[in-house]
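The structure appears below as structure tokens.
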Number of protein chains: 4
Amino acid sequence: MSEIDQTPLHQMVETLSQEENMTAKQVKIIEAAIEIISEKGYYNTSTSEIAKRAGVAEGTIFRHYRTKKDLLITIVTPVITSFSAPVFADKLVDQVFREDYEHFEDLLYTFIKNRFAFAQANLPMLKILLQELAFHPEIQSTYKDTFIEKVYPAFNKALDFYKEKGDIQDLPNETLIRMIIPPIIGFMITRFIIQPDRKWDDEMEMKQTVTFIMKGIGSLK
Amino acid sequence: MSEIDQTPLHQMVETLSQEENMTAKQVKIIEAAIEIISEKGYYNTSTSEIAKRAGVAEGTIFRHYRTKKDLLITIVTPVITSFSAPVFADKLVDQVFREDYEHFEDLLYTFIKNRFAFAQANLPMLKILLQELAFHPEIQSTYKDTFIEKVYPAFNKALDFYKEKGDIQDLPNETLIRMIIPPIIGFMITRFIIQPDRKWDDEMEMKQTVTFIMKGIGSLK
Amino acid sequence: MSEIDQTPLHQMVETLSQEENMTAKQVKIIEAAIEIISEKGYYNTSTSEIAKRAGVAEGTIFRHYRTKKDLLITIVTPVITSFSAPVFADKLVDQVFREDYEHFEDLLYTFIKNRFAFAQANLPMLKILLQELAFHPEIQSTYKDTFIEKVYPAFNKALDFYKEKGDIQDLPNETLIRMIIPPIIGFMITRFIIQPDRKWDDEMEMKQTVTFIMKGIGSLK
Amino acid sequence: MSEIDQTPLHQMVETLSQEENMTAKQVKIIEAAIEIISEKGYYNTSTSEIAKRAGVAEGTIFRHYRTKKDLLITIVTPVITSFSAPVFADKLVDQVFREDYEHFEDLLYTFIKNRFAFAQANLPMLKILLQELAFHPEIQSTYKDTFIEKVYPAFNKALDFYKEKGDIQDLPNETLIRMIIPPIIGFMITRFIIQPDRKWDDEMEMKQTVTFIMKGIGSLK
DNA sequence: CATGAATGAGCTTTCATTCAT
DNA sequence: TATGAATGAAAGCTCATTCAT
């Protein structure tokens, strides 16, 4: 599993910065942009505000990112790919077929735990992605490339494997996916956005979610 | 069930217009605003564009809505209340206790069908609500007033009733709601936003969703 | 002396209304305009606000006054003429020569008392005149016509009369006027605008002002 | 006495610009604003007009002054403080008590000459102050802070000193001030605003004004 | 590389004025 | 005669982007 996934936010940005040869100022800019945009939204955030928070001149932003939207894309693209990475990563797919997970339930549980950790570490970036996806065609196409073309097929493979194995019912994969994903997303949205301040027993909630999904799609032996 | 719910968009706006004593121009403005904002988002839509599409002078907008945000709120508020209306409407709650629905499954099915029809009729307004909820505290508070204070209690009543009756498992209502709502929303988002152009057998999908949910929360006789 | 002078504000407007054949609505408009403009200034007062306060439709204002500035002029012109009226009124000039006032000091005292009463009764209108005179050429020309062409000559006559009589020094009239007017205006501005809420012994103050002026311009017997 | 006082207008602005670290464009903006506003008034002057006259983009104005009113205040505040400065300046007060002026008449004459020079150099700014004072509470409060709290006490000290010395009558200071100030202001308004084009023997007029005031308030030996 | 003053297009909003009713 | 909805020009202001230093 990618090491990026579970590191806290600024570590992640720093990690990226090395991979992409970012200067210290660039890191500052990205961090400031993530903070402010996730809080107030893209259109309510001015480049001057980002510059101020980052401690750089406004011109410096445009030295590194041709436009304001460029900056948004720079923030949002790695989230899309990272978020979907473990699903289609060779490692995972390998594991599936090396039968590291005896049952689909085990795979599902690992999947939820892993994505939960990622969401926790990348909450601001995910908020931005969620909000801006609707209005920027550039983001939509990245999302489509990654999700539709990569995540989806990987999902299909896994589902076919466990269907054959008899773990899950023989429904169309699209239907199965629509039963698996929303309860997971629903839990996370409630957990991180609607009621972030409530006391949560995350472990228990995730197990419950898995159980709920499995009752719905598991084969009726 | 309110008659408003299932009328198509412009009929709905017209219905509202009579109730609220709107002039023809006001109706045009609201219609134009819904169209453009749902397509491009609030911040990408200028009042001059709305005016042009509505065939009125820009000043006319501000005769009727003090600010641009006022216009947004005027569009979005009735969606929030209408969307939740049938949930807590006296009639529905009454029916529950008059046992018009023998089993929770029946209630759930009616609920999905009804909300599906509403979403279909009010898609543009719902898109706007979904997107702008995050950034406008005024909308958030309307949402909270309506949802938290009215919908939630009504839900609780119904759940308690069918729990006692033995239809559904004895889980905390919050957990139950988190299992019921996301699959429904998930279906609708897929249906109307992600893949609106696919051929759908809506009836079948809704039944499947109900079955899925019931397997997860139904009592294990 | 004109009867208009000492009547309270709305009586004065009503009096004017009869002379000029004003409808009830017109009176209301003028009254509202005087109130609001004197308080907030011409440019901070909108016609819609005047209409609201007057209890008429906005269109009604423009039925009676072609433009907003027309309305201002209608308010301000009679103040200019009324304020200067008693100075050059036939009656007064007559009195001067009929020697109703034995000494210039007596004339001065009557003059101050009379103008004080007028200012008190017409304070809002005078405030408007004072403020707007600077920016509206139309008002300036009315002021010039009245003041320069009528008040001034009348003043000259009186001054010449009492100079000859030996009551006042043989200085150029322009100089004398510049010594007589400012202390009077200065008193009134302090009295009505700078410190209107202080307890004033008006009678005493006016006498003192006369004494002060007379010391300065009286002949040194 | 402050050296600022007697420099001509644009020199003064330039002097200010150095003290306050103004850019060349800022100076241009201030100069243009003073010119146009003093001529046509604050509400008849648009920011676009100021920008045009200053030879800058309209946005540049708002880089330096958050609002149009901010610009007004920036213009008007130093006039208030400079105008009153010499009155309460330590130097002056010191001089009074070091008896540089043997008689109040001498002090008065110096005062008039000095304020006359200041008015001449700052006429446009003073016009603006005079007109806008009525409508902007921010200006009023600056005026009050400076005038009521600083000028007034200084005046009182001087008056008490010369009363005791027997130069002026034992009247309440408020009354004395109301006799001293209006003739001076009256002269200046006539000189600079009502009849600026007339041929004036300023020296003589000022002496005459002093004589007039002294006759009125001087002790009757 | 970094700066930040300058830009100007475009925004929302105001308001005197018009005109069909 | 009175109305008030509609107008549209013009206002103040914002902000992504440029560029000389």
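The structure displayed is predicted, hence computed values, not measured ones. Naming: A, B, ... by sequence-line order, numbering from 1 per chain.
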Check each residue of residues 57-64 of chain D for a non-hydrogen atom within less than 4.0 Å of any atom in DNA chain E, then write out the ones that pass by number, or none. D/Ala57, D/Gly59, D/Thr60, D/Arg63, D/His64
With nearest nucleotides of DNA chain F determined for D/Lys69 and C/Gly55 from heavy-atom distances, which residue corresponds to the more 5′ nucleotide? C/Gly55
Just do the side chain to side chain contact (heavy atoms under 4.5 Å, CB included) check on B/Val76 and B/Tyr143 with the steps written out, would you? CA-CA 10 Å; B/Val76 141; B/Tyr143 162 79; over 6 Å; no
To the nearest angstrom, how far is A/Lys52 atom NZ from E/dT3 atom C1'? 15 Å
In whole Å, I'd like the distance from the CG atom of A/Asn44 to the P atom of E/dT12. 13 Å
When you measure from the side-chain N and O atoms of B/Thr23 to the phosphate of F/dA5, is any distance below 4.0 Å, counting only OP1 and OP2? no
Does the structure show a Watson-Crick or G-U wobble partner for E/dG10, both distances under 3.5 Å? Name it, or say none. F/dC13
Length of the line joining B/Ile36:CD1 and E/dT12:P, which is rounded to integer Å: 11 Å
OH of D/Tyr43 versus C1' of E/dC15: gap in Å, rounded? 15 Å
What interatomic distance, in whole Å, is found between C1' of F/dT21 and the corresponding atom of E/dC1? 13 Å
Given A/Thr47, which partner from the list A/Lys52, A/Lys68, A/Glu58 fulfils the side-chain hydrogen bond (donor to acceptor under 3.5 Å, both in side chains) test? A/Glu58
Can you tell me how far apart CG (B/Asn44) and OH (A/Tyr43) are? Round to the nearest 0.5 Å. 3.5 Å
Look at the side chain of D/Thr77 and the backbone N and O of D/Thr74, then say whether any donor-acceptor pair between them is shorter than 3.5 Å. no
How close or far is atom P of F/dA16 from atom CD1 of A/Ile29, stated in whole angstroms? 14 Å
Say whether, by atom type as modelled, one donor and one acceptor occur between the side chain of B/Tyr42 and the main chain of B/Ile128 under 3.5 angstrom. no
Below 4.0 Å: OP1/OP2 of F/dG12 and any side-chain N or O of D/Thr47: yes
C/Ser141 (side chain) donor-acceptor with C/Glu138 (main chain) under 3.5 angstrom: yes
Less than 4.5 Å apart, any side-chain heavy atom of B/Ile139 and any of B/Ile80? yes
What is the distance, to the nearest angstrom, from the CD atom on C/Gln26 to the C1' atom on F/dT3? 16 Å
Hey, which sits more toward the 5' end of DNA chain E by its nearest nucleotide, D/Ala24 or B/Tyr42? D/Ala24
Looking at D/Lys25, I'd like to know whether one of its side-chain N or O atoms comes within less than 4.0 Å of OP1 or OP2 on E/dT7. yes
Separation of E/dT7 atom P from D/Lys28 atom NZ, nearest Å, is 12 Å
To the nearest angstrom, the CD1-C1' distance between C/Ile37 and E/dC15 comes to 14 Å
Hunt down the Watson-Crick or G-U wobble partner of E/dT21, both distances under 3.5 Å, from any strand shown, or write none. F/dA2
